[in-house]
Visitor: 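Please read through the structure below; I'll follow up with questions.
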Amino acid sequence: MTQATARHILVDSEAKCEELKKAIEGGQDFAEVAKQHSSCPSGRNGGDLGSFGPGQMVPEFDKVVFSGEVNKVLGPVKTQFGYHLLEVTSRS
């Protein structure tokens, strides 16, 4: 079964998500931005979600994690929790 490791940043608006994406693409560290801005408890760990398989996350999240480019900041992705920036760190 396919497995992925990813990290994410959860915020409450698409505008904030876009702002943080630009900051990361401009050189800010993803983990530091997650620690400062993510409303998810994983933010304390730099947004790290560990390893998971298809179906373990909400569908919108799964779609991006299992089809998006690895090691690239993806999003904003809207779910019932808010807006996410995702970075797939590995997929096998």
Visitor: Find the distance between CZ (F61) and CZ (F66) and round it off to the nearest 0.5 Å.
Guide: 9.5 Å
Visitor: Using side-chain heavy atoms (C-beta onward) and a distance below 4.5 Å, is T89 in contact with V70?
Guide: no
Visitor: Checking side chain to side chain contact (heavy atoms under 4.5 Å, CB included) for the pair N71/V88: CA distance, chi angles, key distance, verdict?
Guide: CA-CA 6 Å; N71 295 318; V88 181; over 6 Å; no
Visitor: Check for a donor-acceptor pair, side chain of T5 on one end and backbone N or O of S51 on the other, with a separation under 3.5 Å.
Guide: no
Visitor: Got a donor-acceptor contact below 3.5 angstrom from the R91 side chain to the G68 backbone?
Guide: yes
Visitor: Which heavy atom of K35 sits nearest a heavy atom of R44, and at what distance?
Guide: CE-O, 3.8 Å
Visitor: Salt bridge or not between E25 and K22? Use side-chain N to carboxylate O under 4.0 Å.
Guide: no
Visitor: Which class fits the ring pair H84 and H8: parallel under 30°, tilted 30 to 60°, perpendicular over 60°?
Guide: parallel
Visitor: Taking the basic N atoms (NZ, or NE/NH1/NH2) and the acidic carboxylate oxygens, is any pair closer than 4.0 Å for K21 and E18?
Guide: no
Visitor: Please find the pair of heavy atoms, one from G47 and one from A34, that lie closest to each other, and give the distance.
Guide: N-CB, 3.7 Å
Visitor: CD/E14 to OH/Y83 distance, rounded to the nearest 0.5 angstrom?
Guide: 5.0 Å
Visitor: Under 4.5 Å between any side-chain heavy atoms of Q80 and V58, yes or no?
Guide: yes
Visitor: Before you tell me yes or no, could you show the steps for L86 and V77 under side chain to side chain contact (heavy atoms under 4.5 Å, CB included), namely the whole-Å CA-CA distance, both residues' side-chain angles and the distance that decides it to 0.1 Å?
Guide: CA-CA 8 Å; L86 304 169; V77 176; 3.9 Å; yes
Visitor: Which atom names give the shortest non-hydrogen contact between P76 and C17, and what distance separates them?
Guide: CB-SG, 3.6 Å
Visitor: How long is the straight-line distance from CD of E87 back to NZ of K72, given to the nearest 0.5 Å?
Guide: 11.0 Å
Visitor: Do F30 and I9 have side chains that approach each other closer than 4.5 Å (heavy atoms only, starting at C-beta)?
Guide: yes
Visitor: Please check this pair: side chain of S90 against backbone of A4, looking for a donor-acceptor N/O pair closer than 3.5 Å.
Guide: no
Visitor: So how far is it from C40 SG to L49 CG, rounded to the nearest 0.5 Å?
Guide: 6.5 Å
Visitor: Is V33 linked to F81 within one hydrophobic cluster, defined over Ile, Leu, Val, Met, Phe, Trp and Tyr using a side-chain heavy-atom separation of less than 4.5 Å?
Guide: no
Visitor: Does one hydrophobic cluster hold both M57 and L74, with members joined at side-chain heavy-atom distances below 4.5 Å?
Guide: yes
Visitor: Mark yes when over 12 heavy atoms from residues, nucleotides or ligands other than D29 sit less than 6.0 Å from its CG; otherwise mark no.
Guide: yes
Visitor: With hydrophobic residues grouped by side-chain heavy-atom distances under 4.5 Å, do L10 and I24 end up in a single group?
Guide: no
Visitor: So does R7 get a backbone contact from the side chain of D48, meaning a donor-acceptor N/O pair under 3.5 Å?
Guide: no
Visitor: To the nearest 0.5 Å, what is the distance between CG (D62) and OG1 (T2)?
Guide: 10.5 Å
